[in-house]
Number of protein chains: 2
Amino acid sequence: MARVTPQTHGDILAAAARRFAVTGYKGTSLQDIAREVGCSKAAVLYHFANKEALLAELMAKPLDVLRQLDEQLATLDGADAQRAGAEGFVDLAVRFRREIALLRGEFPELLAQPAFAHVQRISERLIDALTGHTDRLEARIAALVLLAGISEACAEFVDVPDDELRPALLAIARRTLAPLDPPPPLDPPVND
Amino acid sequence: MARVTPQTHGDILAAAARRFAVTGYKGTSLQDIAREVGCSKAAVLYHFANKEALLAELMAKPLDVLRQLDEQLATLDGADAQRAGAEGFVDLAVRFRREIALLRGEFPELLAQPAFAHVQRISERLIDALTGHTDRLEARIAALVLLAGISEACAEFVDVPDDELRPALLAIARRTLAPLDPPPPLDPPVND
DNA sequence: TCAGGATCTGACCGATCGGTCAGGCATGCT
DNA sequence: AGCATGCCTGACCGATCGGTCAGATCCTGA
């Protein structure tokens with residue numbers, strides 16, 4: 001057998017990303033990953049404590065960026081929050097679209113895993129920002145449509161270059177989000 | 001002949017729908033379903049040939065409605081197709097949101113199953129209709145964002161009454177879809 | 001040269017998966 | 001009564017899952 005160097009760690013990570021993106025987290029076995037790398041399943045578990053650790057390492061960077069976006073949004077309000085939330089999430093989604101692809105709707109279950117304990121609350125705050133911190137039902141629905149749609153589109157159009165995907169998604173986001181009642185920017189909106 | 005059969009068949013179907021919606025298709029075992037019904041796993045497999053047959057029966061009606069929508073869209077063009085596609089899909093998604101919820105991102109894999117062989121092509125034609133049969137990239141992305149977003153929103157807001165969810169989604173769809181009423185003469189306008 | 005750590009393997013584990021099977025228990029028909 | 005049929009069960013099957021383990025192989029430094 002091909003005896004390879006410690007790049008195996010990275011190889012395993014890359015193979016896992018590829019398989020997860022196609023067959024999902026639950027739908028991908030450690031055997032699948034090992035087969036794609038060309039090593040034994042035991043080798044995979046030598047480099048990673050368990051299957052969840054693999055996922056956690058794959059998602060570490062995007063989760064960190066998401067956390068930064070969350071912090072930034074906490075300082076904004078109204079239309080500013082709306083705009084920054086949309087742009088921030090589009091940037092994040094485009095940049096990490098391969099990582100997003102591998103979550104493929106397993107979100108509800110994966111969020112229950114320890115590694116993603118905080119993501120649920122962050123995404124709720126993100127939706128809140130996208131509504132401009134209003135609580136109108138349609139605004140909340142629009143925000144969720146947008147987040148889920150962008151995620152899915154990024155997973156689907158992995159091969160479209162960033163500089164085509166990003167402006168397209170930004171234009172879509174601008175249209176989708178309901179404009180706050182006062183359209184012009186300089187008016188501080190009222191919070192409840 | 002048709003004896004007064006216990007409602008076990010329907011009970012199993014309902015239990016499966018509930019479990020699938022929470023833990024997904026792959027994430028739900030026949031044991032789980034049997035436990036929720038209060039019968040044996042073998043009883044589940046007495047009423048349904050296999051796990052896939054359970055899913056197929058759950059999705060039969062929504063799939064039929066989707067097929068009807070596909071037929072209708074084949075007769076339309078341009079803005080008509082766009083409008084009919086959006087309204088038709090919103091209606092379908094709202095009406096069958098519980099069924100949609102149970103697909104929870106397992107779409108890519110489930111579509112590979114025999115029962116859903118044709119769905120892939122239908123959804124491609126639906127996206128095409130939502131673009132007004134243009135092939136601009138942004139229009140295609142917008143259509144996919146909308147379809148995926150609506151599906152997810154319907155799965156998320158299962159408890160919102162139809163007469164609130166439907167108009168909200170229609171308004172969102174109208175905003176999200178790129179307008180093609182003024183036919184694109186030359187270059188699309190550059191923003192920013 | 002050789003010790004020792006890093007890397008990797010095959011064999012194996014218990015659990016659970018989807019699915020099969022023979023038979024038990026009612027009930028209704030003749 | 002006797003029989004057939006619909007409904008359901010527990011026991012069981014092979015496959016696969018995530019994960020463990022003892023040891024083989026490699027590389028490096030003393």
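Proteins come first, then strands; the chains are lettered A, B, ... in the order of their sequence lines, and each starts at number 1. Treat the numbers as computed from the prediction; the structure is a model and nothing was measured.
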Rounded to whole Å, the CZ-P distance (B:Arg19 to C:dG18) equals 13 Å

How long is the line joining NE2 of B:His9 and P of D:dG6, in whole Å? 15 Å

Given C:dC17, C:dC8, D:dC8, which nucleotide is nearest the side-chain atoms of A:Thr8? C:dC8

When you get a sec, tell me which of D:dC17, D:dT9, C:dG19 is the closest nucleotide to the side chain of A:Gln31? D:dC17

Please determine, for the side chain of A:Ser40, which listed nucleotide (C:dG19, C:dT9, C:dT7) has the closest atom? C:dT9

Candidates C:dC17, C:dC8, D:dC8 - which lies nearest the side chain of B:Tyr46: D:dC8

Please say whether more than 12 non-hydrogen atoms of neighbouring residues, nucleotides or ligands are located less than 6.0 Å from CG in B:Asp64. yes

Regarding A:His47 and A:Glu57, do their side chains bring together a donor and an acceptor under 3.5 Å, going by distance alone? no

By nearest atom, which of the nucleotides D:dG18, C:dG10, D:dT9 is closest to the B:Ala42 side chain? D:dT9

Starting from P on D:dC17, measure out to CD on A:Glu52 and report it in whole angstrom. 19 Å

For the pair made of OH in B:Tyr25 and P in C:dG18, what is the distance, rounded to whole Å? 8 Å

Measure the CG-CG distance between A:Leu13 and A:Leu55 for me, rounded to the nearest 0.5 Å. 10.0 Å

Distance check needed: C:dA6 C1' versus A:Ile12 CD1, whole Å only. 14 Å

Over 12 foreign heavy atoms within 6.0 Å of CZ, A:Arg19: yes

When you measure from the side-chain N and O atoms of A:His47 to the phosphate of C:dC8, is any distance below 4.0 Å, counting only OP1 and OP2? yes

Can you tell which of D:dG19, C:dG18, D:dT9 lies closest to the side chain of B:Lys51? C:dG18

Mind checking if B:Leu30 touches a base, just sugar-phosphate, or nothing, with heavy atoms under 4.0 Å? sugar-phosphate

Residue mapping more 5' on DNA chain D - nearest nucleotide basis, A:Leu45 or A:Arg35: A:Arg35

Report yes if the side chains of A:Asp91 and A:Leu69 come closer than 4.5 Å at any heavy-atom pair, otherwise no. no

Given the structure, check if the side chain of A:Lys41 and the base of D:dG19 hold any donor-acceptor pair shorter than 3.5 Å. yes

Please report the distance, rounded to the nearest Å, between NZ in A:Lys26 and P in C:dC17. 12 Å

What is the separation between atom CZ on B:Phe48 and atom P on D:dC8, rounded to the nearest whole Å? 11 Å

